[in-house]
Amino acid sequence: MKLNFEAKYIKLYVLSSFIGATVGFIVSFYRMILYRLSINIFYVSNFILSKWYYPIIMFIVLIALGSLIGLILRHYPQIRGAGVPQINYYLSLNEPKNIFVEIILKLLGSMISFASGLSLGRAGPSMHIGTLVGLFYHKHFYSHISKYRRYLIISGACAGMTATFSAPFTGIAFSFEELKENKNHIVFVCIALSSISSILVIEHILGQSMILNFNLPRILEVRHYISLLPLGLICGLLASFQNILMNTFNKFYQNIKNDILRPVPAFITAGIMIMFFPYVLGSGDLLIGSIVMDKFPIYMLVILIFVKLFYTSVCSTSGAVGGVFFPTFILGSSIGSLYDIFLVHYFPEYIMYGDLFIVLGITSMMSGITRTPIMVCILILEISSSVSNFVALMIVAIISYMVAKVLGVTSIYDHND
C-alpha cells in the first residue's frame, strides 16, 4: 500500500521546527534584556536634571552611541532599521556578509536603541534575526536545494514575529499578507511548525501571559457600530500625517553626508525627551498599562499623540536599529483612550465597554500605518483575548486601511529600509 505522504519533506519540516526553537530561544533572552533597558531609561529621566553636568554627560554618551551605530551601519548596512525590508532583500537571493556577525550586531544595535530611549520596537529586529537563523540552517543543512532557501527564510522571519508577541497565528498571517507567501501547502507547514516551536520555547522561558491586559466586559452592540467610522477615519488621517513626517525626515537624513553622524540627530532628540517628556521614551509597551489604568487627562493624551508621532518618525528614519510595532501601540492606545473619553462624556452608555475603544484604537492605527489589516486583527486577537469583538476590529482596521490607501500612504516599512 502506497502512503500518501511526501517523505522527502521531512527534513525540511524538521529544520523549520529547529529554526523556530532557535529563534524562540534567542528572542526570549532578547526580550528580557530589552525590558530591563526600558526600565533603566526611566530611572535616568528621574534624576537627569538633579545636577547641572548630568545632561552634558548624557548628551556626550548619546552622541557617542549614535556615532557607534553609524559606524556599524557603514560596514553592515543591512542591520539598519526594522527588518522587513531586509527579509525581502534576502528573499531576493542576496547573502549576508556574515550571519553570526549580523545577528550579534542587530541585537547590539537594538539594545543601544532601547538603552538610549529611542522610540523603536523589537518586532522588526526579531524577524530579521529569524531570517538570518533560517539562512544559517539552509546554508549548513540544505544548501544543495536552493528552492528551500525561501521556505526556511520565511519560517525564520515568522518565528521571529511569533516570538515577539507570543502570537503564532500572527506569524502565519505575516507571511501571507506582508511577504505575499501563499503559494503552496509546503511553505504553510514550514511556517506553522516554526511558529509553534518558537511559541513553545518562549512560553517555557518567559511563561504564558497576555502581552496586553484589557477590561473588555461587553461585546460592541450593532447599534453602536456607527462609532467605529470616526475612529477609523481619525487613525487613517494620522497614519497619513506620519507618512508626511517620515518623508520629511527621510530627506533630512539623506542630506547628512557623513555616514557615522547620520543617526546622531535621533539620539540627541532622545536626550531632549529624557529631560523633558520621558513618556515617549522607548517602544512604549510599559506605558500602555498606565494609559489603561491611570486614564490620562485629555491634554496629556493630545500631547502624547503628537510628540510620539514626531519622535517615532525621527527615530525610525534615522537608520537606528528597531521596529515600529510597539510605538504604534502607544499611538493607537492614546487615540483610543481619547476617543473613549469623548464617547463616554457625550454618550454615557459607552462606559459599559470598558477598554474596548483603546483596543480598537491600537488596531486601527496599526492597520493604517502598516497596511496589513488582517495580520493586525489576528495579532490583537492573540495578545488581548478580544475574540468576541472581531467584527469591530475588522471594521476599524479596514476603514483606517482604506483611508490611508486613498491618501497614498505607503507601508511604514517603505521608510525603514
Side-chain angles (χ1 to χ4, degrees), residues 34 37-77 79-82 105-106 108-122 124-125 241-242 244-284 286-287 303-324 326-327 330-331 412 415-417:
L34 293 189
L37 292 174
S38 297
I39 294 175
N40 290 339
I41 193 64
F42 284 102
Y43 289 158
V44 172
S45 67
N46 289 333
F47 68 79
I48 194 63
L49 295 176
S50 60
K51 301 286 185 179
W52 66 266
Y53 52 86
Y54 283 173
I56 297 174
I57 296 173
M58 179 188 69
F59 279 109
I60 291 173
V61 171
L62 288 173
I63 291 171
L65 290 174
S67 300
L68 175 60
I69 291 295
L71 180 62
I72 294 172
L73 293 177
R74 172 180 284 183
H75 298 285
Y76 286 87
I79 73 158
R80 76 189 306 271
L105 291 179
K106 189 75 178 185
L108 176 63
S110 180
M111 292 174 190
I112 290 174
S113 296
F114 266 71
S116 304
L118 268 63
S119 182
L120 297 170
R122 65 178 186 242
F241 178 62
Q242 183 161 21
I244 294 171
L245 283 177
M246 296 182 77
N247 282 328
T248 301
F249 287 116
N250 256 331
K251 294 175 182 177
F252 167 75
Y253 284 115
Q254 288 170 5
N255 290 328
I256 301 176
K257 303 304 179 184
N258 190 310
D259 295 339
I260 296 177
L261 296 179
R262 190 169 295 132
V264 169
F267 285 79
I268 293 175
T269 307
I272 296 172
M273 296 301 170
I274 290 171
M275 293 171 61
F276 301 111
F277 201 71
Y279 295 103
V280 296
L281 294 175
S283 62
L286 299 176
L287 184 60
I303 294 172
L304 183 60
I305 289 168
F306 286 101
V307 175
K308 190 68 173 178
L309 272 172
F310 169 83
Y311 187 38
T312 301
S313 300
V314 170
C315 295
S316 61
T317 53
S318 67
V321 182
V324 292
F326 273 106
I330 289 298
L331 289 171
I412 197 161
H415 300 278
N416 207 331
D417 56 4

Evaluate Q254 against R262 for side-chain contact (heavy atoms from CB on, under 4.5 Å), listing each step before the verdict. CA-CA 8 Å; Q254 288 170 5; R262 190 169 295 132; over 6 Å; no

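- Summarising the geometry, atom CG belonging to L304 is positioned 6.5 Å from atom CD1 belonging to I330; distances are rounded to the nearest 0.5 Å.
- With values rounded to the nearest 0.5 angstrom, I72 atom CD1 is found 11.0 Å from S67 atom OG.
- I63 is listed as a side-chain neighbour of I268, based on a closest heavy-atom distance under 4.5 Å.
- Shortest non-hydrogen contact noted between G117 and I41 is CA-CG1, 3.9 Å.
- Between the CD1 atom in I112 and the CG atom in L65 there is a gap of 5.5 Å [rounded to 0.5 Å].
- A tilted orientation is assigned to the rings of F249 and Y253, their planes being inclined by 30° to 60°.
- Considering all non-hydrogen atoms of both residues, C315 and L118 come closest at SG-CG, 3.8 Å.
- Taking each heavy atom of V324 and S316 in turn, the nearest pair found is CG1-CB, 3.9 Å.
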I'd like to know whether L120 forms a side-chain contact (heavy atoms from CB on, under 4.5 Å) with V321, so could you lay out the CA-CA distance, the side-chain angles of the two residues, the decisive distance to 0.1 Å, and finally the verdict. CA-CA 8 Å; L120 297 170; V321 182; over 6 Å; no

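- Between the K308 side chain and the V280 main chain, a donor and an acceptor come within less than 3.5 Å of each other.
- When side chains are defined from C-beta on, I57 does not count as touching K51, because their heavy atoms never get closer than 4.5 Å.
- Proximity of F59 to M275: side-chain heavy atoms (C-beta onward) are separated by under 4.5 Å at one or more points.
- Side-chain contact between Y54 and L49 is absent, with no heavy-atom pair separated by less than 4.5 Å.
- The local environment of OH in Y311 is crowded, with over 12 non-hydrogen atoms from other residues, nucleotides or ligands closer than 6.0 Å.
- In this structure, P327 and T312 approach most closely via the heavy-atom pair CB-OG1, 3.8 Å.
- Expressed to the nearest 0.5 Å, how far CG of N247 lies from CD of Q242 amounts to 11.0 Å.
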Residue pair L34, F326: steps toward the side-chain contact (heavy atoms from CB on, under 4.5 Å) verdict: CA-CA 13 Å; L34 293 189; F326 273 106; over 6 Å; no

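- Minimum interatomic distance between L281 and F42 (heavy atoms only, all atoms of both residues): O-CZ, 4.1 Å.
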Between T248 and F252, does a side-chain contact (heavy atoms from CB on, under 4.5 Å) hold up when you go through it step by step? CA-CA 6 Å; T248 301; F252 167 75; 5.9 Å; no

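- Here the CD1 atom belonging to I303 is positioned 6.0 Å from the CZ atom belonging to F277, to the nearest 0.5 angstrom.
- Taking OG of S110 as the reference point, atom CG of L105 lies at 12.5 Å (rounded to 0.5 Å).
- Side-chain atoms of S45 never come within 3.5 Å of backbone atoms of P278 as a donor-acceptor pair (strictly under, hydrogens ignored).
- Closest heavy-atom contact between P263 and F267: O-CD1, 3.3 Å.
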